[in-house]
2 protein chains.
Amino acid sequence: MPSLSLRINLDPEGRIGPGKVELLEQIAARGSIAAAGRSMGMSYRRAWELVEELNGVFGKAVVARQTGGRHGGGATLTPLGFALVARFRAVERAAAQAAEVHLAALQSEVDLPADN
Amino acid sequence: MPSLSLRINLDPEGRIGPGKVELLEQIAARGSIAAAGRSMGMSYRRAWELVEELNGVFGKAVVARQTGGRHGGGATLTPLGFALVARFRAVERAAAQAAEVHLAALQSEVDLPADN
DNA sequence: TTTCGTTATATCCGATTGACAATAACGCAC
DNA sequence: GTGCGTTATTGTCAATCGGATATAACGAAA
């Protein structure tokens with residue numbers, strides 16, 4: 001059964017897709033960019049670049065970062081970050097539901113015996 | 001105003017996105033892989049690879065190719081190819097409509113004065 | 001049988017990507 | 001002020017991607 005994969009193209013530049021959103025969710029769950037990256041099999045550098053891009057695309061920060069401290073610091077989502085994740089998942093659900101009938105039709109066309 | 005970009009993940013393997021669909025439309029409009037690729041600023045190699053991938057993903061051909069002939073040959077869409085394009089565009093329209101309200105909400109959250 | 005523009009295919013090479021590694025800065029707990 | 005684990009940042013390198021190029025095969029029309 002086919003599934004949808006969806007990205008949002010923002011205002012002038014910047015794309016938000018499943019990867020960045022999952023990274024944000026992992027940051028929220030684990031409290032650091034490093035831990036979030038590890039959980040996704042991603043290098044710290046890569047995870048840091050994605051966060052940098054996210055914070056740059058919006059005027060406001062999506063991820064708040066703290067350096068230093070007893071445990072070295074960490075990162076958390078700002079209210080905007082939480083809102084972004086929630087909205088993206090909502091768009092995903094709405095799109096998937098709306099596309100369901102079309103995807104089923106597409107699948108049946110693939111499964112049909114050759115008529116071409 | 002943000003917009004959606006959408007891909008369909010097929011049964012076991014294979015992804016269909018805006019690029020392959022536009023290529024199919026150009027093949028239908030121009031009658032050859034080479035001309036379709038040129039119209040999209042794409043090398044023939046790239047266009048040929050995408051067609052190869054498309055034909056491989058489905059059991060049946062999406063693009064029918066003819067070599068030789070007075071004008072060298074050409075390529076056309078099979079009924080499955082036309083159906084694929086139509087279905088993909090239908091999914092796009094349905095998803096965009098369903099996501100519209102969420103995208104507007106997301107945009108307004110970005111535009112709001114900082115409350116974080 | 002020659003011509004023609006396409007499909008088909010391989011080779012080369014520069015650009016891009018992303019991992020790996022190293023290093024500095026940071027600031028709270030101890 | 002020392003230790004710790006994170007964030008921050010840079011450099012190197014292998015792998016991958018895709019463009020450019022070259023060449024063969026093809027077959028209908030002239």
Side-chain angles (χ1 to χ4, degrees), chain A residues 5 7 13-58 60-78 80-81 116, chain B residues 5 7 13-58 60-78 80-81 116:
Chain A
S5 170
R7 288 156 192 269
E13 298 288 316
R15 296 186 167 183
I16 311 290
K20 291 198 191 105
V21 170
E22 184 182 347
L23 180 63
L24 289 182
E25 289 171 336
Q26 291 296 327
I27 290 173
R30 298 171 188 277
S32 88
I33 296 174
R38 279 196 300 270
S39 78
M40 295 176 65
M42 185 187 302
S43 66
Y44 172 77
R45 173 181 178 153
R46 177 84 180 126
W48 179 83
E49 281 175 349
L50 292 179
V51 167
E52 199 74 2
E53 187 182 339
L54 279 167
N55 277 347
V57 161
F58 300 89
K60 298 173 280 186
V62 171
V63 174
R65 301 173 278 190
Q66 303 84 34
T67 68
R70 179 67 189 90
H71 295 296
T76 56
L77 295 197
T78 65
L80 175 62
N116 51 320
Chain B
S5 170
R7 288 155 192 271
E13 298 287 315
R15 297 186 167 184
I16 313 289
K20 290 196 191 108
V21 169
E22 184 183 346
L23 181 64
L24 290 182
E25 289 171 336
Q26 291 294 328
I27 290 173
R30 298 171 188 277
S32 87
I33 296 174
R38 279 195 301 270
S39 77
M40 295 177 64
M42 185 185 302
S43 66
Y44 172 77
R45 171 186 172 154
R46 177 83 179 126
W48 180 82
E49 282 175 350
L50 292 179
V51 168
E52 199 74 1
E53 187 182 339
L54 278 167
N55 277 347
V57 160
F58 299 89
K60 298 173 279 186
V62 171
V63 173
R65 300 173 278 191
Q66 302 86 33
T67 70
R70 179 67 189 90
H71 295 295
T76 56
L77 296 197
T78 65
L80 176 61
N116 50 319

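All values reported here derive from a predicted model rather than from experimental measurement. Chain letters run A, B, ... following the sequence lines, proteins first and then strands; every chain starts at 1.
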| Start at the 5' end of DNA chain D and walk down; is the nucleotide closest to A:A75 or to B:S43 reached first? | A:A75
| Does the side chain of B:L23 come within less than 4.5 Å of B:L54's, by heavy atoms? | no
| request: Could you check whether B:R30 gets within reach of a base, just the sugar-phosphate, or nothing at all, counting any heavy atom under 4.0 Å? | output: nothing
Dump the pairs, protein N or O against N or O of nucleotides 14-16 of chain C, anything under 3.5 Å, distances to one decimal.
none

| query | Is B:E53 close to B:K20 at the side-chain level, that is, under 4.5 Å between some pair of heavy atoms? | reply | yes
| task | Enter the distance from B:E25:CD to B:L77:CG here, rounded to the nearest 0.5 Å. | result | 9.0 Å
| Of B:R70 and B:R45, whose nearest nucleotide on DNA chain D comes first from the 5' end? | B:R45
| Within the structure, does a side-chain N or O atom of A:R38 lie under 4.0 Å from either OP1 or OP2 of D:dG5? | no
| message | What is the distance, to the nearest angstrom, from the NE2 atom on B:H71 to the P atom on C:dT7? | response | 14 Å
| remark: Atom CZ of B:R46 and atom P of C:dT7 are separated, to the nearest Å, by 17 Å
| field | For atom CD1 of B:I27 and atom P of C:dT6, their distance in whole Å | value | 13 Å
| task | Starting from P on C:dG18, measure out to CH2 on A:W48 and report it in whole angstrom. | result | 15 Å
| note | To the nearest angstrom, the CZ-C1' distance between A:R65 and D:dG5 comes to 17 Å
| Side chains of A:I33 and A:R65: closer than 4.5 Å at any heavy-atom pair? | yes
| note | Taken to the nearest whole Å, CD/B:Q66 to P/C:dT6 is 13 Å
| query | CE of B:M42 versus P of C:dT7: gap in Å, rounded? | reply | 14 Å
| What's the closest nucleotide to the A:T67 side chain, out of C:dT9, D:dA8, C:dT6? | D:dA8
| If every non-hydrogen atom of B:R7 is compared with every non-hydrogen atom of B:P18, which pair is closest and at what distance? | CG-CD, 4.3 Å
| said: How long is the straight-line distance from CE of A:M40 back to CD of A:Q26, given to the nearest 0.5 Å? | reply: 6.5 Å
| query | Across the strands shown, which category fits B:E49 at heavy-atom distances under 4.0 angstrom: base, sugar-phosphate, nothing? | reply | nothing
| query | Whole Å only: how far is the CD1 atom of B:I33 from the C1' atom of C:dG5? | reply | 13 Å
| said: For a 4.5 angstrom cut-off between non-hydrogen side-chain atoms, does A:R15 reach A:V57? | reply: no
